[in-house]
Amino acid sequence: MASALRNLLIILGDQLDMASSIFHDFDRKQDAVWMAEVSNESTHVWSHKARIVLFLSAMRHFRDTLSRKGITVHYTELCDSTLGKELRQSVQILNPQQIMVVEPGEWRVQWELKQAVPELRILPDQHFLCSREEFRNHADRRKQLRLEFFYRELRRKHHILIENNQPVGGTWNFDAENRQRFNKNGPGHLPLPVSFTPDTITREVISLVEKKFAQHSGRLQKFDWPLTREQALQALDDFIANRLQNFGRYQDAMWSGQPWLFHSRLSAALNLKLLHPLEAIKAAENAYYQIQAPLASVEGFIRQILGWREYVRGIYWHFMPMYAEKNELQADLPLPSFYWTGETDMNCLREVITQTLQYGYAHHIQRLMVTGLYALLLGVNPVEIHRWYLAIYVDAVEWVELPNVLGMSQYADGGLMASKPYIATGKYIQRMSNYCQNCCFHPEQSTGKNACPFTTLYWDFLMRHQKRLEKNRRMQMQLRNLQRLDKSKRNDIRKQADRLRHYAI
Ligand code: FAD
Ligand code: SF4
């Protein structure tokens with residue numbers, strides 16, 4: 001006899017959208033939704049408490065929205081299990097005619113669900129502006145993948161900042177205008193981002209997480225992330241009205257005690273699908289046409305979402321599962337323990353990690369040119385640093401985290417993502433922040449007791465990987481500078497770098 005339940009719709013923790021295509025043919029009388037909170041999703045990497053609260057609370061809010069609309073939701077609150085096990089059990093009990101899910105964001109989850117229910121129907125995810133299929137076609141047509149060409153294609157396809165088939169302002173990219181630092185007085189008065197005080201659901205989840213995941217890192221006192229569609233829209237409006245104007249100019253700048261600066265704080269809401277990327281892009285484009293924000297800021301913001309965000313997703317699905325194993329530079333050190341505590345004398349790392357533990361947030365340059373750069377220069381195993389990034393940020397979902405970490409930050413994919421390793425001495429951090437002012441090290445020194453570890457390790461990195469880097473045209477200037485160091489200086493640098501590596505273990 002055919003089951004009374006026609007379709008069982010699996011909604012994963014990062015698929016919280018009522019407008020999702022999975023609901024298009026939904027019939028309240030015959031269909032139901034399935035959602036589950038399983039502890040394995042918080043422990044397979046040692047998740048920051050704020051990341052766990054964000055997912056669980058947003059899921060519970062979404063469950064209640066569905067229930068208010070009269071939709072049957074089979075919902076399991078936090079249990080010690082895995083998604084696959086829970087789903088298999090539910091399917092045996094509910095016996096649906098068809099089980100559907102939108103493409104999961106993580107290769108591991110897709111594999112687990114398919115193992116649990118081989119007849120699972122997987123629908124394309126319409127929360128991206130480039131499908132997995134389209135990216136495959138784009139990649140197959142090219143010898144080398146680069147963001148710039150991909151981004152231009154998407155600008156044209158979606159007609160974003162395009163007039164007469166040409167980029168508005170006569171150029172595709174205003175990157176050169178988007179690298180300013182603050183002067184010695186710092187950013188001055190900053191507009192505080194809209195904050196969402198935890199409601200009853202979130203407070204309950206916070207208590208649960210404090211109890212059940214007490215040993216996990218991270219703090220929850222300042223938890224205020226958007227968790228519902230309404231809050232996500234409010235956060236977008238707030239960014240467009242108050243911070244977009246200066247976003248472009250200062251997107252690479254860093255300043256002590258200022259985690260947000262002019263950043264949008266929208267990544268978690270976008271990744272949970274509380275916001276569609278096109279909504280954020282159109283809101284920014286509109287601000288330009290309404291003369292509320294300059295073109296360089298608007299284009300810079302759009303490039304992050306329409307360009308980088310779509311590009312890294314494409315890379316992820318095109319190259320997984322092998323991508324996760326890449327280790328081109330054969331880096332093999334364990335992650336220094338201070339990444340979990342912030343207890344280090346290096347002020348930049350202390351500031352960025354402490355802020356990360358407090359909020360589950362650091363902006364792009366803090367991730368790339370402070371925590372990521374140090375791990376790269378030191379020679380940390382890419383899997384170890386990947387697991388840290390996946391655990392520690394509220395917006396961390398593997399499809400976006402892995403290519404950013406392995407590809408962009410650690411050069412572990414040998415140049416698939418980035419045309420060269422992003423490496424610099426401590427002088428880059430000195431230029432883009434005020435961190436070095438309160439540090440016991442000196443960014444211009446590479447040897448001696450006050451030498452900046454970034455600077456020592458930078459020269460050491462160039463020496464260790466010189467052969468490989470010589471083949472890269474974009475590394476020639478950095479390698480020419482290396483030639484200027486005499487033999488005894490190089491030896492001193494090598495010894496000091498060995499000591500840094502020894503203490504890191
Ligand atoms: P803004 O600076 O305001 O940027 C606007 C939006 O652009 C972001 O919300 C995000 O959706 C998108 N964006 C910006 N840069 C990138 C990028 N490189 N890749 C993809 N999207 C981008 N982003 C995540 O969402 N999850 C991650 O787990 C993650 N891990 C990262 C790890 C490393 C090593 C690096 C270098 C970057 C990582 N990023 C990740 C990208 C970026 O750092 C964050 O998206 C951004 O800092 C989030 O803050 P925001 O919303 O204030 O972003
Ligand atoms: Fe970081 Fe070096 Fe500057 Fe200290 S001197 S804050 S370690 S870059």
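Remember, it's a predicted structure, so these values are computed and weren't measured experimentally. The figures here come from the full heavy-atom set of this structure, side chains too, leaving out hydrogens, waters and symmetry mates. In listed order, ligands and their atoms are each counted from 1.
Neither the backbone nor the side chain of F239 has any atom closer than 4.0 Å to an atom of ligand 1 (non-hydrogen atoms only).
Ring geometry for Y361 versus W260: interplanar angle of 30 to 60°, hence tilted. Taking the six-membered ring for Trp and thresholds of 30 and 60 degrees, F247 and F239 have ring planes more than 60 degrees apart, a perpendicular arrangement. Classified by interplanar angle (parallel below 30°, tilted 30° to 60°, perpendicular above 60°), the ring pair H216/W46 is parallel.
Using a cutoff of 4.0 Å between basic side-chain nitrogens and carboxylate oxygens, E103 and R132 are scored as salt-bridged. At a threshold of 4.0 Å, the pair E106-R108 counts as salt-bridged, since one of the basic side-chain nitrogens sits closer than that to a carboxylate oxygen. Salt bridge E310/R155: absent, no basic N to carboxylate O contact under 4.0 Å. Using a cutoff of 4.0 Å between basic side-chain nitrogens and carboxylate oxygens, E384 and R387 are not scored as salt-bridged.
Among the atoms of C436, none of the N, O or S atoms falls under 2.8 Å from atom 1 (Fe) of ligand 2. Look at C439 and atom 4 (Fe) of ligand 2: an N/O/S atom of the residue is under 2.8 Å from the metal.
Where the criterion is an N or O separation shorter than 3.5 Å, residue side chain and backbone included, V405 fails it with respect to ligand 1. Among the atoms of D395, some N or O lies under 3.5 angstrom from an N or O of ligand 1. Geometrically, ligand 1 and N271 share a nitrogen or oxygen pair separated by less than 3.5 Å.
The closest side-chain donor-acceptor pair between T447 and Q496, if any, does not fall under 3.5 angstrom.
Residue F262 places every heavy atom at 4.0 Å or more from ligand 1. For the ligand labelled ligand 1, residue Y389 lies inside the 4.0 Å heavy-atom shell. Heavy-atom distances between F247 and ligand 1 reach below 4.0 Å in at least one pair. The shell of residues lying under 4.0 angstrom from ligand 1, judged by heavy atoms, excludes Q251. Between A280 and ligand 1 there is no heavy-atom distance shorter than 4.0 Å.
When each atom of ligand 1 is checked for a heavy atom of R309 under 4.0 Å away, the hits are 11 (O), 20 (C), 21 (N). For ligand 1 and A362, the ligand atoms under 4.0 Å from any heavy atom of the residue are 47 (O). Atoms of ligand 1 lying under 4.0 Å from any heavy atom of L266, numbered from 1 in the order shown and given with element: 9 (O), 51 (O). Close contacts of ligand 1 with S264, meaning ligand atoms under 4.0 Å from a residue heavy atom, involve 1 (P), 3 (O), 5 (C), 9 (O), 50 (P), 51 (O), 52 (O), 53 (O). Taking every heavy atom of H363 and a limit of under 4.0 angstrom, the matching atoms of ligand 1 come to 47 (O).
Exactly one of D395, D238, D224 qualifies for a salt bridge (charged side-chain N to carboxylate O under 4.0 Å, His left out) with R265. That residue is D224. Remark: of the listed residues L113, D125, L83, L113 is the sole one forming a side-chain contact (heavy atoms from CB on, under 4.5 Å) with P104.
Across S267, A269, G407, heavy-atom proximity to atom 8 (C) of ligand 1 is greatest for S267. Comparing Q366, M417, H364 against atom 47 (O) of ligand 1, the shortest heavy-atom distance belongs to H364. Relative to atom 40 (C) of ligand 1, the option among R367, R51, E401 with the closest non-hydrogen atom is R367. For atom 14 (C) of ligand 1, the candidate residues are Q304, M408, E310, Q410; the nearest heavy-atom contact is made by Q304.
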* **Residues Y393, H48; criterion ring-ring contact (aromatic ring centres under 6.0 Å, His included); working and verdict** => CA-CA 7 Å; Y393 289 106; H48 189 300; 8.2 Å; no
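The protein heavy atom nearest to atom 39 (N) of ligand 1 is N404 ND2, 3.6 Å.
The environment of NZ in K222 is sparse: at most 12 heavy-atom neighbours from other residues, nucleotides or ligands sit within 6.0 Å.
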